[in-house]
Amino acid sequence: MASKPTVLLPIAAGTNRNQDLADAFVAAGADVNQIPLQALRDGDAKLSDHQMLAIPGGFSYGDALGAGRLLALDLRTWFEDQLLAAAESGMPMFGVCNGFQALVASGLLPGETAPAASLAHNSNGNFECRWVELSPTDSQSPWLAEVDEPLWCPVAHGEGRFVASDIETVEELDLVALRYSSNGVQAVGEYPANPNGSVNDVAGITDSTGLVFGLMPHPENHIWARQNPLRGRSNRGTCLSLFESGVKATKG
Amino acid sequence: MGHNSDNSEAEHVLLIGPGQTDSGPDGPLSRAGLFGVNVAKIEEFTVVHIKAELSEQDLTRLAKLVVDPVEQWWIPRSEHHPEGDQYTVIETGLRPGVTDREAAELIRASAELGITVEAASIGRRWVIHGEISEQNRDLLARRVLHNEVIERWSVGELPGAYTDPTAVGSDIDYLSITAADDEGLIALSKERRLGLDLSEMLAIKAWFVEQGREPSDAELEMLAQTWSEHCSHKTFRGTITTPDGVIDDLMKTYLRSVTEEMNAPWVHSAFVDNAGIVTFDDDFDLALKAETHNHPSALEPFGGSNTGVGGVVRDILGVSAKPIAITDILCFGPEDTDPASLPDGVLHPKRIRSGVIAGVGDYGNKIGVPNIAGAIIHDDTYTTTPLVFAGCIGLLPHDSNPTAAQPGDSIVVLGGAVGRDGVGGATFSSQSMGVETAEIAGSSVQIGDPVVEKGLIDIILEARDAGLYTAITDCGAGGLSSAVGEMAEELGARVDLTLVPRKYPGLSPWEVWLSEAQERMVLAVPDPEPLLELARRWQVDAAVIGTFTGDGQMVVVDGETPLIDLNTTFLHDGRPKAELVASTLEIERTDRQTPSFDHQEAALKLLAHPSIRSNESVIRTYDHEVMGGTLVRPYGGVEMDAPADGTVMIPPGTTGDRAMAIGIGVNVVQGRYDAGAMTMNIVDEAVRNVVVAGADPKQLSLLDNFAWGNPTDPDTLAKLVAACQACKEAALLYNAPFVSGKDSLYNEFVGPDGTKDPVTPTLIITAVGLVKDINNVPLTGVTKAGNDVWLVGPARGSLGGSHLDDVLGNDFGGELPTVGAEVLQRHYQLADAIAGGLVRSAHDIAEGGLSVAASEWALGGRLGLHLELEGSEDPEVLFGEGPARYLVEVSPADSEAFGQIVGSASKVGTITDEAAVRVGAAFELGLEDIHRAYTSQGAI
């Protein structure tokens, strides 16, 4: 058996769902290297020694000046070369919640050639924590290769309303990967199925290669059946398939 | 206000649009309406002040940091011309020196871009559209748009909030007390708001006479802080003369010594450290703590509750545990309070409520600790004195909390720098509040910075595992004075204040020593180097500020200048014992006389009662999923909108099928009549909650949180004594030891005319239990039509002091429920049936009695109930309250076995697929009506 791929999981000041995400990748068969951002700056580890980059959820820098924006600045200021090299080599990248916000704010999602996008304040103005259903689109992203049913997991964010300067083009480029839905039917903006007012119910997107993937909800919080709040009533599947897909997309 | 003023003295002021309009119930427009100010629209813009010499290009780069690329734009503030022709501009912003995370991050990020920014500050511009009188404009600014405790406002442009870089703190003051007479001593205590009484001032005077010198301001402040009610629990540890004899130390007599006598094998530490420590499994312990943060929350609701959560999380860190769960119990006045009836300086309950909830959510969400249990309670007396209780549970490996600092260990402060915010909080929290409090005590209120605390969690757990420190405590009320003072109690210490990091210049030495700047921990460290390196990796500020000496003297210097030289024995044991008097508690209840009333209507009113109705919309703003261990959430059932009793979490990092359950007991309605009976009943409620959650009732640990009025009032104190006595009785009855607690006294508002308005005696009981097999945890809400319904306990409850009377609007007499030894078997039997896997779902019968319990339970499964009890038509059956009563769902195949195990239960009905709850022939409520009432946000 080939050796396990290692996921680099950077921790910024205010990152907090790192252990949840690490547990999910471990359950999906990867090794995980959790490391403070400062140690990465110090050169204690290099992205190129890993097979995946995964940016966890949380409130990096307290969401000051806009969620994910200062973490994005860090990525651009200190790790631009490493990130470009990794993208060049076809390394899968993943961002969840605050990690997704950072990928979008840094321009890695939906990508330099795609229309500008952003994650704005939820339309009800509040932080929102509830379980949501996510239906995969026809996206050919390797992150969805093993996902054959809607995902069921919590959201927990205040700034998760996906907006784009030109959503039609984002759709035409097939960059939308997951949409909020209810019993398999798209939410069409209805709260609470669409918990934040995202345009076209967008919950997760990819870049044009499909390798860089980000989403607002937390699939890492539904890895074991016991985490399902409807346990004993409805046997919805876990989100492990998403992480397994990502791990399979890594290159030895 | 010239056009060019924005860029004079190298300042750039950016205005970010578009304006936000919040017309929701918590938005400025609705809150203005509450004060009778009706305008067309209120727009909110962000204003960013940047003090720097910037090129156009650099300004653009900085603007990109603060402006959303899709939805926002920016212009120089001077170029902002609101739409329409009738508008008023008001700007608000923090006072200089108040923690401003956004501004600090802007400066840091600018440096990352290679741009030097000298200072920054962020404010708000409000554009009020429509006609408004000057009087209403000012009212709007003062009561709706800003909080004078931490903010400023102006009509039109408000300058940026910059601290003066050349400010110099005042010199050390020496206070003449050795020759002062009694009057002079009291005057000094009042003038400096020390909160010390004459006997305490005399003790201080005597000590300094003996020393042959006068105290410095810092020495007096340190003594006042150490001896404050908040830090030394004067009342609980004082001597209380009652008509039945003298009680020496309430805490020891009724709480601590009871725990010691019980000597429960699962209790490792109780009442001695920042938190109680109990066994979880073979590898781990749980650390338990609950705190109060009332006074600050009354003045600045967001900052008060925010730092309340931050403080209790640090208590858990202070025993080297990883914080894994937050709880919060919030007590507010009625939402329909007439604003005109509020004394000056008292915020409206709606504003307090939204601020407090936002503050609780913000802190927990940002540090990534799930908020999994709580309650919101309403009472008229909470209008002027809202209460905020915050709890935290931590996880730590057995025996991993070092508690023995050694002489020669360095004193290391981790976390935030010192500012002027939060000076004097300990003494402030120990006194009554009045109309002038907001003005005077503004500096006592702090603003939290959860991201710094998240860094503390990371670094402390790593330092603990690496064995880098010998003792640790949190820096809370009283700041370094309290933290270092407590740690140095046995050893003595020497601190140099010039080594303490500061946010800005201009602080006096005593302010540095007493500042309650948040997010700091103090550690005793044999070798600081590895810890400092760890701090650098985690981007946490750290400083060595002194050493533990071993000579028993608490010495503080400011460079070369001596500031404090106190003997630690005098500091910690020199306070004369408080002497208090309690009256005879007379509780006379008239015979019960229930009027006739419409049962259905009363049941719906109960479901909409402000202390019973759904708080789902609140808990949706709290992250209760982070860490992935939450098993039973605050709301569950098919639509996840029905209330759970206890909540359950598998502590992250543990293995196996074990979990912890949390239950909370509180009943302010009973508290109005009988503090002792209330105490017994709410301990039972907390026990019921964890039993339904699947916990073992033979291995429970309890926390107490008292919020009481002024203990120098003999009647108020008598009620406190009764509650403490009942705590002892309950602990012994349930064999459930108290392991930690917190008392908050002086919760009264002194009106402008001197009238005193104390809170209804309020006690929160938190029970923490162990679920030994998560596979047997009952679900929230009924699960299947055709299953049997069993009632554990008697069908009839008591209507004395009930919520029924509260919605009927009168006390119709009758005894409060009594709690006797017979309740124990009911809890134990149900727990056995749950452990045997026989229970599908269950719900305890609590506030509002059977009618409320059955309605909530049915709602959870979106199914009906048909119950037949003896006396189904009686109010005592439908609405009576009392201990150890449950509704339980059992499948018909298990019913016989259940009946054998739970001898105290009777089969009372079945679950149906009708959308209604029926009790007997006459009582019927439709699920839709139940849902509407339960989710209503006001009177129905």
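When reading the values below, keep in mind they use all heavy atoms of this one structure, side chains included, and skip hydrogens, waters and symmetry mates. If you're wondering where the values come from, they're calculated on a predicted model, not measured in any experiment. Quick note on labels: first sequence line is chain A, next is B, and so on, each numbered from 1.
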Fill in: Side-chain donor or acceptor of A/Gln38 paired with backbone N/O of B/Gln539 under 3.5 Å
no
Worksheet entry | Pairs of heavy atoms under 4.5 Å with chain A: top-ranked of B/Pro652, B/Gly636, B/Gly637, B/Gly455 | B/Gly637
Worksheet, complete the sentence: Turns out that what part of B/Thr780 lies under 4.5 Å from chain A's heavy atoms comes down to backbone
Worksheet item: A/Asp42 versus chain B, heavy atoms under 4.5 Å apart: side chain, backbone, both or neither?
Response: side chain
Discussion item. Is A/Asn16 close to chain B through its backbone or its side chain, or both, or neither, when contacts mean heavy atoms under 4.5 Å?
Written reply: both
Discussion item. The test is side chain to side chain contact (heavy atoms under 4.5 Å, CB included); show your working for A/Glu159 and B/Asp68 and say whether it passes.
Written reply: CA-CA 12 Å; A/Glu159 297 178 43; B/Asp68 184 279; over 6 Å; no
Worksheet, complete the sentence: Whatever's closer than 4.5 Å to a heavy atom in chain B on A/Ala164 counts as backbone
Item to complete: Tell me, for A/Ile11 versus chain B, whether the close heavy atoms (under 4.5 Å) come from the side chain, the backbone, both or neither.
Response: side chain
Fill in: salt bridge (Lys or Arg N to Asp or Glu O under 4.0 Å) partners for A/Asp201, two or more places apart
none
Worksheet item: Do any of residues 105-117 of chain A come closer than 4.5 Å to chain B, heavy atom to heavy atom, and if so which ones, in number order?
Response: A/Ala116, A/Ala117
Worksheet, complete the sentence: Max heavy-atom pairs within cutoff under 4.5 Å with chain A, candidates B/Met640, B/Arg536, B/Arg101, goes to B/Arg536
Worksheet item: For B/Val777, is it the side chain, the backbone, both or neither that has a heavy atom under 4.5 Å from a heavy atom of chain A?
Response: both
Fill in: Interface moiety of B/Lys784 toward chain A, non-hydrogen atoms closer than 4.5 Å
neither
Would you tabulate the side-chain donor-acceptor contacts of residues 55-73 of chain A under 3.5 Å, counting partners in other chains and residues two or more places apart, or write 'none'?
residue	atom	partner	partner atom	Å
A/Ser60	OG	A/Asn98	OD1	2.7
A/Tyr61	OH	A/Asp74	OD2	2.4
A/Asp63	OD1	A/Asn98	ND2	3.4
A/Arg69	NH1	A/Leu65	O	2.7
A/Arg69	NH1	B/Leu65	O	2.9
A/Arg69	NH1	B/Val66	O	3.3

Worksheet, complete the sentence: Okay, B/Val638 and chain A: the region with an atom under 4.5 Å from a heavy atom over there is both
Worksheet, complete the sentence: Bottom line for B/Ile122: the part with an atom under 4.5 Å from chain A's heavy atoms is side chain
Discussion item. Looking at every non-hydrogen atom in both residues, tell me the closest pair between B/Glu71 and A/Ala120 and how far apart they are.
Written reply: OE1-CB, 3.4 Å
Worksheet item: Between B/Arg840 and chain A, which part of the residue has a heavy atom less than 4.5 Å away: side chain, backbone, both or neither?
Response: neither
Response to the item:
Whatever's closer than 4.5 Å to a heavy atom in chain B on A/Thr77 counts as side chain
Worksheet entry | From A/Arg130 atom CZ to B/Asp641 atom CG, the distance as rounded to the nearest 0.5 Å | 9.5 Å
Worksheet entry | Toward chain A, the part of B/Tyr635 with a non-hydrogen atom under 4.5 Å | neither
Discussion item. Is A/Thr15 close to chain B through its backbone or its side chain, or both, or neither, when contacts mean heavy atoms under 4.5 Å?
Written reply: backbone
Item to complete: List the steps, then state whether side-chain hydrogen bond (donor to acceptor under 3.5 Å, both in side chains) holds for B/Glu112 with A/Trp78.
Response: CA-CA 9 Å; B/Glu112 203 171 316; A/Trp78 297 318; 5.1 Å; no
Worksheet item: Looking at A/Val163, A/Leu37, A/Asp23, which one has more heavy-atom pairs under 4.5 Å with chain B than the rest?
Response: A/Val163
Worksheet, complete the sentence: In terms of heavy-atom contacts, B/Gly628 and A/Asp20 come closest through N-OD2, 3.6 Å
Discussion item. Checking B/Lys454 now: which residues fulfil salt bridge (Lys or Arg N to Asp or Glu O under 4.0 Å) with it, not counting sequence neighbours?
Written reply: B/Asp458
Practice prompt. Provide the closest heavy-atom pair for B/Asp623 versus A/Ala156 in the form atom of the first, atom of the second, distance.
Written response: OD2-CB, 3.4 Å
Worksheet item: For the atom pair CG (A/Asn124) and OG1 (B/Thr621), what is the distance rounded to the nearest 0.5 Å?
Response: 10.0 Å
Fill in: Euclidean distance, A/Arg226 CZ relative to B/Asn775 CG, rounded to 0.5 Å
9.5 Å
Item to complete: Provide the closest heavy-atom pair for A/Ser165 versus B/Val70 in the form atom of the first, atom of the second, distance.
Response: N-CG1, 3.9 Å
Item to complete: Between chain B and each of A/Glu220, A/His218, A/Arg76, A/Glu128, count heavy-atom pairs under 4.5 Å; write down the option with the most.
Response: A/Glu128
Discussion item. Please classify the contact between A/Gln19 and chain B as side chain, backbone, both or neither, with a heavy-atom cut-off of under 4.5 Å.
Written reply: neither
Response to the item:
Minimal heavy-atom distance between A/Phe127 and B/Tyr622, with the atoms involved, is CE2-C, 4.1 Å
Worksheet item: Do you know which of A/Cys129, A/Pro154, A/Pro229 makes side-chain contact (heavy atoms from CB on, under 4.5 Å) with B/Arg633?
Response: A/Pro229
Discussion item. Please identify, among B/Asn365, B/Ile457, B/Val540, the residue contributing the most non-hydrogen atom pairs under 4.5 Å to chain A.
Written reply: B/Asn365
Worksheet item: Are side-chain heavy atoms of B/Leu631 and A/Arg231 found at a separation under 4.5 Å?
Response: yes
Worksheet item: What residue, out of B/Ile367, B/Thr630, B/Val632, has the most heavy-atom pairs lying under 4.5 Å from chain A?
Response: B/Ile367
Worksheet item: At a heavy-atom separation under 4.5 Å, does A/Arg41 approach chain B through its side chain, its backbone, both, or neither?
Response: neither
Worksheet item: Is A/Glu80 atom CD crowded by more than 12 heavy atoms from other residues, nucleotides or ligands, each under 6.0 Å away?
Response: yes
Worksheet, complete the sentence: Heaviest contributor of heavy-atom pairs below 4.5 Å to chain A, chosen from B/Leu113, B/Leu779, B/Ile619, B/Val452, is B/Leu779
Practice prompt. Side chain from CB out, backbone as N, CA, C, O: work out which of these in B/Arg537 comes under 4.5 Å of a heavy atom of chain A, or both, or neither.
Written response: both
Item to complete: Heavy-atom pairs under 4.5 Å with chain A are the metric here; pick the option from B/Met627, B/His624, B/Arg620 that has the most.
Response: B/Arg620
